[in-house]
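Report on the structure given below.
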Amino acid sequence: MIATLVTFTYTDNFNKDQLRSIAEKVRGKFENMPGLRSKAFTINVAKKQGVNFYLWDDESAARNFFSEQTLEGVTKAYGVRPSVEFLELATLVDNS
């Protein structure tokens with residue numbers, strides 16, 4: 001498994017309601033997506049950030065998803081280009 005942290009950092013135009021709206025609008029695209037185990041849309045008001053956390057079954061699915069085309073699309077939707085970090089998963093606690 002691999003995790004991906006996608007961070008949208010705003011300066012003047014941060015709007016948490018808009019981030020919630022985007023999340024609700026696009027969440028269906030991620031339901032039953034091959035290779036994606038889970039995704040969380042989060043908001044960090046103090047840092048003026050939208051932070052999306054993905055958990056993937058394998059690294060190739062994660063890296064293939066974040067193509068330049070995908071990054072251009074999310075930049076248009078969110079109004080800022082995100083930083084994307086691929087994180088090695090040490091262990092996972094899943095209480096679902």
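The figures here come from the full heavy-atom set of this structure, side chains too, leaving out hydrogens, waters and symmetry mates.
Other residues, nucleotides and ligands place more than 12 heavy atoms under 6.0 Å from the CD atom of Glu68. Sparse packing is recorded around CD of Gln69, with 12 or fewer heavy atoms of other residues, nucleotides or ligands lying under 6.0 Å away.
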>> Would Lys47 and Thr9 count as a side-chain contact (heavy atoms from CB on, under 4.5 Å) here? Give the steps.
In response: CA-CA 8 Å; Lys47 291 186 176 184; Thr9 302; over 6 Å; no

> Yes or no on side-chain contact (heavy atoms from CB on, under 4.5 Å) for Arg27 and Phe41, after CA distance, side-chain angles and deciding distance?
Replying inline: CA-CA 9 Å; Arg27 69 170 283 153; Phe41 295 85; 4.2 Å; yes

> Yes or no on side-chain contact (heavy atoms from CB on, under 4.5 Å) for Arg37 and Leu92, after CA distance, side-chain angles and deciding distance?
Replying inline: CA-CA 12 Å; Arg37 182 172 287 213; Leu92 175 68; 4.3 Å; yes

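Counting only distance, with no hydrogens or angles, the side chain of Thr4 and the backbone of Tyr54 share no donor-acceptor pair below 3.5 Å. Remark: side-chain polar atoms of Thr42 are paired, donor with acceptor, to backbone N or O of Val51 under 3.5 angstrom.
Residues Leu71 and Leu87 are members of separate hydrophobic clusters, defined by side-chain heavy-atom contacts under 4.5 angstrom among Ile, Leu, Val, Met, Phe, Trp and Tyr. Note on Ile43: it clusters hydrophobically with Val26, by side-chain heavy-atom contacts below 4.5 Å among ILVMFWY residues. At a threshold of 4.5 Å between side-chain heavy atoms, the hydrophobic network of Ile, Leu, Val, Met, Phe, Trp and Tyr places Phe14 and Val80 in one connected group. When the side chains of ILVMFWY residues are joined at heavy-atom separations under 4.5 Å, either directly or via intervening members, Val74 and Met33 end up in a single hydrophobic cluster. Hydrophobic cluster membership differs between Leu19 and Phe53, with clusters built from Ile, Leu, Val, Met, Phe, Trp and Tyr side chains linked at under 4.5 angstrom.
At a threshold of 4.5 Å between non-hydrogen side-chain atoms, the residues Phe66 and Val6 count as touching. Between Thr70 and Phe65 the shortest side-chain heavy-atom distance falls below 4.5 Å.
Atom CZ of Arg81 and atom CD of Glu72 lie 7.0 Å apart (nearest 0.5 Å). Rounding to the nearest 0.5 Å places CH2 of Trp56 at 8.5 Å from CZ of Phe86. With values rounded to the nearest 0.5 angstrom, Glu59 atom CD is found 10.0 Å from Asn64 atom CG. Taken from CG in Asn13 to NZ in Lys48, the straight-line distance is 9.0 Å, to the nearest 0.5 Å. Atom CZ of Phe30 sits about 7.5 Å away from atom CG of Asn52, to the nearest 0.5 Å. Here the straight-line distance linking atom CG of Asp57 with atom CD1 of Ile2 works out to 11.5 Å at 0.5 Å rounding.
Using bins of under 30°, 30° to 60° and over 60° for the plane-to-plane angle, the ring pair Phe8/Tyr78 lands in the parallel bin.
What you find for Lys39 and Leu36 is that their closest heavy atoms are CB-CD2, 4.3 Å. The two residues Leu89 and Met1 come nearest to each other via the heavy atoms CD2-CB, 3.7 Å. Summarising the geometry of Ala61 relative to Gly35, their closest heavy-atom pair is CB-CA, 4.2 Å, with the distance given to 0.1 Å.
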